[in-house]
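Every chain is numbered from 1, with letters handed out A, B, ... down the list of sequences.
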Protein chains: 2
Amino acid sequence: MHRSGLATAGIATELRLLEAAAREFALHGFAAARIRDIVDGAGVNLAAVNYHFGGKGGLYQATLAHLAREARDAFPVDSPELRAMRPEDQFRAYVRVMLMRYLGQEHAFPLSSIVAHELLDPTPAFGQIVQGVSRPQLDRLAEIVRALLGPRASGDDVALASLSAASQLTFFLFGRRLFEAQFPALAADPAVVDRLAGHISAACLAAMRATREQLEGERRARLTPARPARAMAKGEIGVDLAPQAVLRRSSSDSP
Amino acid sequence: MHRSGLATAGIATELRLLEAAAREFALHGFAAARIRDIVDGAGVNLAAVNYHFGGKGGLYQATLAHLAREARDAFPVDSPELRAMRPEDQFRAYVRVMLMRYLGQEHAFPLSSIVAHELLDPTPAFGQIVQGVSRPQLDRLAEIVRALLGPRASGDDVALASLSAASQLTFFLFGRRLFEAQFPALAADPAVVDRLAGHISAACLAAMRATREQLEGERRARLTPARPARAMAKGEIGVDLAPQAVLRRSSSDSP
DNA sequence: TCCCGTTTCAAACAATATTTTGAAACGGCC
DNA sequence: GGCCGTTTCAAAATATTGTTTGAAACGGGA
């Protein structure tokens with residue numbers, strides 16, 4: 001057993017491993033990632049993975065938890081300051097944060113890339129990931145959208161508008177390579193994120209404004225009494241990702 | 001050597017392999033696909049892959065070519081009939097066809113899923129794929145968008161609007177699982193494709209109409225002479241994907 | 001029927017990846 | 001310094017996956 005009372009060393013190794021693992025899993029996903037590449041990237045011995053994390057699956061779990069912790073801190077899509085803004089500006093801020101995650105650096109934020117891989121080719125961690133990472137983001141977005149669409153918007157109205165916004169953002173996670181290959185002029189612009197954020201925010205806000213006008217025009221036209229807005233589920237950013245068995249596609253696994 | 005003069009049998013085996021390979025590569029991508037699973041799915045012997053296609057890489061190439069051929073026939077995004085429509089309806093048709101590819105059946109059209117994997121974790125076939133599959137689609141879209149935005153639209157205007165539309169569509173390729181998990185009510189609707197197509201078409205057309213009005217309003221306001229529309233590159237749907245070395249991440253490979 | 005090229009097959013093989021092992025190195029503490 | 005739990009390491013054992021092999025089955029002509 002390891003890490004009993006006060007372990008001094010070794011946590012440096014663990015950290016290096018977690019960071020290298022984040023890179024590798026982000027690039028290739030769980031199945032195609034190779035632990036030899038991870039330990040090489042971390043500059044640690046091959047056996048360290050099993051010693052510290054019990055195996056590839058354990059390392060994956062730990063990496064998810066580590067990244068989730070990290071995401072809570074950087075890239076906030078919720079905070080008291082944000083909530084103090086007008087809904088339009090909350091929306092603009094949300095768009096911008098998401099684009100930063102995807103396009104802000106040479107590589108997307110690793111957790112985002114891992115989510116992408118999970119969506120394409122899920123591991124047993126899929127449920128955890130959706131609940132812990134995607135869901136809070138989408139809930140937060142839906143909350144903003146609801147405020148923008150006004151009290152007459154139905155659940156489906158909110159869902160569709162959220163979907164439109166979310167999809168225009170996640171494109172730059174999944175399709176970043178396509179974007180760079182097909183729109184080199186745009187992609188090379190040092191202010192890509194700002195331009196895209198401006199465009200996407202404007203397009204979505206315009207579409208939502210149109211929807212709202214239509215909804216309220218309908219109301220005036222039909223003289224229907226306003227339905228009360230449904231209570232909104234609180235959108236937390238928190239992520240836990242407690243360890244749980246997660247492994248290879250169909251093989252045996254340690255308890 | 002195989003398949004000399006007139007090979008009668010064996011092409012059934014090849015077809016079964018190509019179809020099973022399409023499923024497997026679509027699910028897991030090249031690296032994570034296992035040829036044992038492919039031959040099981042095809043109900044053929046393990047050695048058949050090497051006998052007929054020379055190896056995993058050869059099978060991947062052949063699968064891409066096979067699927068590209070298939071895509072040319074089903075799911076057309078271009079045809080004389082389509083071109084006879086008004087731009088708005090061409091756009092609606094384009095949106096609908098793409099959603100059908102992604103959501104129309106239990107699984108997305110395999111070539112689309114393979115493109116998705118290539119975008120996340122490219123193999124050497126990436127260039128081919130983008131050129132042969134994504135590019136023609138995006139070119140066709142850009143053509144329609146240009147018609148909708150009118151002669152005053154700049155290249156960037158067209159690019160941004162195309163991007164908005166494309167991203168709302170590709171979301172349902174990459175994020176299908178997320179969509180189904182987070183919007184179960186919408187996803188369960190037997191007419192999802194129609195509802196989404198209607199919503200997305202309407203949202204995009206509204207946004208583009210707004211852009212056009214702004215562009216033309218600017219013109220009137222500034223009394224600037226109209227620039228001529230740039231000639232548009234012809235957007236073909238054709239795909240070739242001629243065989244070429246395609247293989248594992250960094251290892252040696254047969255000629 | 002027999003011949004012969006083609007295709008299939010089970011089994012062996014080779015290459016790649018993951019996990020385990022046992023010994024050595026480290027670091028605080030007596 | 002010498003002990004002891006922790007951590008590292010190179011090497012070996014396993015497991016998994018891709019490729020090869022040699023023999024057998026097939027099927028259309030001579």
Not counting sequence neighbours, which residues clear ring pair (Phe, Tyr, Trp, His ring centres under 6.0 Å) with Phe126(B)? List them please.
none
Nearest-Å distance for atom pair [atom1]/[atom2], residues [X] and [N]:
X: Leu46(B); N: dT7(C); atom1: CG; atom2: P; answer: 18 Å
X: Arg16(B); N: dC9(C); atom1: CZ; atom2: P; answer: 10 Å
X: Tyr51(B); N: dA24(D); atom1: OH; atom2: C1'; answer: 14 Å
X: Leu17(B); N: dT7(C); atom1: CG; atom2: P; answer: 13 Å
X: Phe30(A); N: dA17(C); atom1: CZ; atom2: P; answer: 14 Å
X: Ile38(A); N: dA17(C); atom1: CD1; atom2: P; answer: 12 Å
X: Tyr60(B); N: dG18(D); atom1: OH; atom2: P; answer: 14 Å

Quick one, Lys56(B) and Val49(B) - any side-chain contact, counting heavy atoms below 4.5 Å?
no
Both Ile35(A) and Arg36(B) contact DNA chain C. Which one's nearest nucleotide lies toward the 5' end?
Arg36(B)
Indicate whether OP1 or OP2 belonging to [N] is found under 4.0 Å from a side-chain N or O atom of [X].
X: His52(B); N: dT8(C); result: yes
X: Thr13(A); N: dT7(D); result: no
X: Asn45(B); N: dT7(C); result: no

Could you pull out every donor-acceptor pair under 3.5 Å between side chains of residues 165-179 of chain A and any protein atom, sequence neighbours left out?
{"residue": "Ser167(A)", "atom": "OG", "partner": "Leu163(A)", "partner atom": "O", "Å": "2.9"}
{"residue": "Ser167(A)", "atom": "OG", "partner": "Ser164(A)", "partner atom": "O", "Å": "2.8"}
{"residue": "Gln168(A)", "atom": "OE1", "partner": "Ser164(B)", "partner atom": "OG", "Å": "2.9"}
{"residue": "Gln168(A)", "atom": "NE2", "partner": "Ser164(A)", "partner atom": "O", "Å": "3.4"}
{"residue": "Thr170(A)", "atom": "OG1", "partner": "Ala166(A)", "partner atom": "O", "Å": "3.0"}
{"residue": "Thr170(A)", "atom": "OG1", "partner": "Ser167(A)", "partner atom": "O", "Å": "3.4"}
{"residue": "Arg176(A)", "atom": "NE", "partner": "Glu180(A)", "partner atom": "OE2", "Å": "3.0"}
{"residue": "Arg176(A)", "atom": "NH1", "partner": "Tyr102(A)", "partner atom": "O", "Å": "3.0"}
{"residue": "Arg176(A)", "atom": "NH1", "partner": "Gln105(A)", "partner atom": "O", "Å": "3.1"}
{"residue": "Arg176(A)", "atom": "NH1", "partner": "Glu106(A)", "partner atom": "O", "Å": "3.3"}
{"residue": "Arg176(A)", "atom": "NH2", "partner": "Gln105(A)", "partner atom": "O", "Å": "2.9"}
{"residue": "Arg176(A)", "atom": "NH2", "partner": "Glu106(A)", "partner atom": "O", "Å": "3.0"}
{"residue": "Arg177(A)", "atom": "NH1", "partner": "Leu119(B)", "partner atom": "O", "Å": "2.8"}
{"residue": "Arg177(A)", "atom": "NH1", "partner": "Leu120(B)", "partner atom": "O", "Å": "3.1"}

For the side chain of Arg16(A) and the backbone of Val44(A), is there at least one donor-acceptor N/O pair under 3.5 Å apart?
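No: the side chain of Arg16(A) does not pair with the backbone of Val44(A).
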Closest approach to the side chain of Asn50(B), judged atom by atom: which nucleotide of dT7(D), dT19(C), dT20(D) is it?
dT20(D)
Of the nucleotides dT20(D), dT20(C), dT19(D), which has the atom closest to the Ala47(A) side chain?
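Side chain of Ala47(A) sits closest to dT20(C).
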If you go through the side-chain atoms of Arg34(B), does one of them form a donor-acceptor pair with the base of dG18(D) closer than 3.5 Å?
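Check fails, no donor-acceptor contact within cut-off.
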